[in-house]
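To start, I am sharing the structure in question, which I have written as structure tokens.
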Amino acid sequence: MNKPQHPGSTSNFIRQVIEADLASGKHVKIRTRFPPEPNGYLHLGHSKSILLNYGLAKEYGGLCNLRFDDTNPEKEEQEYVDSIVDSVKWLVGEQAAAPLYASDYFDFMYQCAEHLVESGNAYVDSQSAEEMKHNRGSFTQAGVDSPFRSRSTAENLDLLKRMRAGEFPDGAHVLRAKIDMASPNINLRDPALYRIKKEKHHRTGDKWCLYPMYTYAHPIEDAVEKITHSLCTLEFEDQRPFYDWLLNKLADGGLLERPLPQQIEFARLQLTHVLLSKRLLIKLVEEGHVDGWDDPRMPTLAGARRRGYTPEGFRRFAERVGVAKENSWIDYSVLEDCMREHLNEIAPRRMAVLDPLKVVVENYPTDQTEELLIPNHPQKPDMGKRPVPFSRELWIERDDYQDSPPKGYFRLFPGNKVRLRYAYVVECVSYDKAADTVRCRYLPETRSGTPGSDSVKVKGNIHWVSVKHAHQAEVRLLDRLFKTEKPEGQDDLNPGSLKKIRAQLESGLREAGTEAVQFERHGYFIADRDGFNRTVTLRDSWQKT
RNA sequence: UGGGGCGUCGCCAAGCUGGUCUAAGGCACCGGAUUUUGAUUCCGGCAUUCCUAGGUUCGAAUCCUAGCGCCCCAGCCA
């Protein structure tokens, strides 16, 4: 039998599991989830997980939950919840349903804990953290049982209830699963389930002084939400035996229904030239190396959005990168290329002179202005045309003129002809050093769109902006934040990651919307806070050589 | 070191119930064509080889054995 084909995508081991489960009737509909802890901003690395979970759900006609894993009140804040919801909505659009919260299941989780105690599968340990650590053993040495491991069910239950009632200080006791202190898998050596934490929770307030550990809470969250496939990163692989142990104990006790969710691990996204460590990112913000968490250079999704990166670009990136279990590093240029690819399709073209040099067309009437109709996209006539004024004095790019050009240079230099894009062919007469102006003469019969426009063949084609009509604005030339392949801190910052310039833009850009535009021959830009951010440059095979 | 993973082209990644694999696809790269963006698009090229060494087999990237390399685990973090 042939395997189902995925148009535009390739098979991967997760799809195979899903298809098998669907085929066998284990599930009629799949349900995935994206479970961030609200303790920071979402970054580029999260995009893979988000798009994987929502993508699979969509592909197989299932659902994906956005669920906050808010089990550690010490680190979590509402501000993060808001920003995460925002970023997820931006990335997946209408597929993003209202968020769910692990904290909404605290009652049930506690009920499960009592059941575990009653069924002899959990106990209250009163060792100190240090003692616990010591008695856990090592990779090569089995752990030893806690002296409290054999407490009676009644005593355990009493202690647990009093823990919940707030009778003990932080750290006095902890609830542990009773599994095997000699397991070769350290995660099975009686992992902690609950710790006392007299901390106010951003959603449940002071209701609890006892909070579940991730290890314990996560499987239950998945089961409660009837998640079918619980996708997580490789480092949780060793945790899977406990995940299954817990769920089966609870299902056996009638607290959970089968089929139970299945945890599947995949390799997290590792990108070169970026730094995703929360600690170091915070430093960059606090020390003012960047403007904030949503600085367009930041590797956060909020930053990427202001940078002009698109959800569709991220989707293509996720597809291109694939899903597997091999730890791999993706070169940052792959991400840039995906953005470029998408932007090329959707961005209307505009002319913008970033580093202006004045050109005077000496034989063009002083007071004349022509409105030229210029296509918004050379390959997409349906995107229409726009009027752009042409006059005697123009701005061109400074490096489109050279006194003594290098070999192969085919733009402006004395005696050479070049086409002013969508306007006329001009011939360079000379460069007036005192006035810092290039003197040209135009060939009237070469006006674009007219019958004789092709009478003169030229190789060069440069963009321009009419001086008296130009819209002057700030343009931020953004480059990578880090110059090194695997940055470790501020020493690796790219000093040229942000250049602010005053550019001369075609007049229509005065009323720019929020959608991406291409500045011809430069790259893709997006209007942001009173100026334009460069999202990514165009490819350039000339500069390379 | 005990346990859990992973090793297929420069970067990803299919394939892994053995033959249709002298190994898919994408990206990068190299040609060449078109082009009023040195962009885009298009066409062509790009692993006799699958970490290494043995073995099983008529036949192995796919099975077995032994090595080697890399990642993860000893939070009352997630």
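So that the names make sense, note that chain A is the first sequence line, chain B the second, and so on, each numbered from 1.
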What is the nucleic acid contact for A/G143, judged by heavy atoms within less than 4.0 Å: base, sugar-phosphate only, or nothing?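 Nothing: the residue A/G143, judged by heavy atoms under 4.0 Å, touches no strand.
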Spacing of the C1' atoms in B/G55 and B/U48 (rounded, Å):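 Their C1' atoms lie roughly 22 Å apart.
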Ion pair A/R67/A/D222, N-O distance below 4.0 Å: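 Between A/D222 and A/R67 there is a salt bridge, with a charged N closer than 4.0 Å to a carboxylate O.
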Going by the angle between their ring planes, with limits at 30° and 60°, are A/Y332 and A/Y309 parallel, tilted or perpendicular?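 A/Y332 and A/Y309: tilted rings.
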Starting at the 5' end of RNA chain B, which residue's closest nucleotide do you reach first, A/D331 or A/P378?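 Final value for this comparison: A/D331.
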Among B/C76, B/A13, B/G5, which nucleotide has an atom closest to any side-chain atom of A/A129?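 From the listed options, B/C76 comes nearest.
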Both A/R240 and A/T140 contact RNA chain B. Taking the nearest nucleotide for each, which residue is further toward the 5' end?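 The residue closer to the strand's 5' end, by nearest nucleotide, is A/T140.
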Can we say A/E520 and A/R350 salt-bridge, meaning some charged N sits less than 4.0 Å from an Asp/Glu carboxylate O?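 Judged by the 4.0 Å cut-off on N to carboxylate O distance, A/E520 and A/R350 do not form a salt bridge.
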Can you tell me, in whole Å, how much space there is between the P of B/G25 and that of B/C42?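 Result for the P pair: 16 Å, nearest Å.
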Pairwise C1' distance for B/G44 and B/U34, with rounding to whole Å: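 Nearest-Å result for B/G44 against B/U34 at atom C1': 15 Å.
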Can you tell me which nucleotide in B/G2, B/C12, B/G15 comes closest to the side chain of A/S328?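 Nearest nucleotide to the side chain: B/C12.
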Identified pairing partner of B/U65, criterion: Watson-Crick or G-U wobble below 3.5 Å: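 For B/U65, the partner nucleotide comes out as B/A53, under the 3.5 Å rule.
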Counter-base of B/G44, judged by Watson-Crick or G-U geometry with both distances under 3.5 Å: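 Pair assignment: B/G44 / B/C30.
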Base-pairing mate for B/C9 - Watson-Crick or G-U, with both contacts under 3.5 Å: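 Across all strands, not a single nucleotide pairs with B/C9.
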B/A23 to B/C70 separation - P atoms, rounded to the nearest Å: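 Here B/A23 and B/C70 have their P atoms 31 Å from each other.
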Assess whether one donor atom and one acceptor atom, taken from the side chain of A/R419 and the base of B/U36, lie less than 3.5 Å apart.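 Yes, the side chain and the base share a sub-3.5 Å donor-acceptor pair.
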Separation between the P atoms of B/G45 and B/C64, rounded to whole Å: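 So the two P atoms sit 37 Å from each other.
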For A/I396 and A/V353, which heavy atoms make the closest approach, and how far apart are they?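 For A/I396 and A/V353, the tightest heavy-atom pair comes out as O-CG1, 3.3 Å.
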Side chain of A/E326 - closest among B/G75, B/G7, B/U40: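 Looking only at side-chain atoms, A/E326 lies closest to B/G7.
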Identify whether the distance between the nearest side-chain nitrogen and carboxylate oxygen of A/K197 and A/D170 falls below 4.0 Å.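 Judged by the 4.0 Å cut-off on N to carboxylate O distance, A/K197 and A/D170 do not form a salt bridge.
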What contact category does A/Y409 fall into here, base, sugar-phosphate, or nothing, at under 4.0 angstrom with non-hydrogen atoms?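 Contact class for A/Y409: base.
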Does a side-chain N-to-carboxylate-O contact under 4.0 Å join A/E130 and A/K133?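 Between A/K133 and A/E130 there is no salt bridge, as every charged N stays at least 4.0 Å from the carboxylate O atoms.
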Of the options B/C6, B/U37, B/C12, whose atoms approach the side-chain atoms of A/K325 most closely?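 Output: B/C6.
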Between B/G19 and B/G59, how far apart are the two P atoms, rounded to whole Å?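 It comes out at 14 Å once rounded to the nearest Å.
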Pull out every protein N or O sitting under 3.5 Å from an N or O of nucleotides 69-73 of chain B, one pair per line with the distance.
residue	atom	partner	partner atom	Å
B/C71	O2'	A/N327	ND2	3.2

Between A/R521 and A/D400, does any NZ, NE, NH1 or NH2 come within less than 4.0 Å of an OD or OE carboxylate oxygen?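 Counted as a salt bridge, because a side-chain N and a carboxylate O are separated by less than 4.0 Å.
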Please pick, from B/A14, B/U36, B/G7, the nucleotide with the shortest atom-to-atom distance to any side-chain atom of A/Y422.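 Of the candidates, B/U36 comes closest.
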With respect to the side chain of A/S541, which nucleotide from B/A78, B/A39, B/U37 is positioned closest?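 The listed nucleotide nearest to A/S541's side chain is B/A39.
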NZ (A/K417) with more than 12 external heavy atoms under 6.0 Å: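 Counting other residues, nucleotides and ligands, NZ of A/K417 stays at 12 neighbours or fewer.
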Using atom C1' of each nucleotide, how far apart are B/G7 and B/U17 to the nearest Å?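 Each nucleotide's C1' atom is 22 Å from the other's.
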Of the listed nucleotides B/U37, B/A78, B/A28, the one nearest the side chain of A/R539: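 Between B/U37, B/A78, B/A28, the one nearest the side chain of A/R539 would be B/A28.
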As a test of reading the structure: which of B/U37, B/C76, B/C27 is closest to the side chain of A/M132, going by heavy atoms?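 Ranking B/U37, B/C76, B/C27 by closest atom to the A/M132 side chain puts B/C76 first.
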For the ring pair A/F13 and A/F266, is the centre-to-centre distance below 6.0 Å?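 Ring-ring flag for A/F13/A/F266: false, centres at least 6.0 Å apart.
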Distance check, C1' atoms only: B/G26 and B/A66, in whole angstrom units.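 Approximately 36 Å lies between the C1' atom of B/G26 and that of B/A66.
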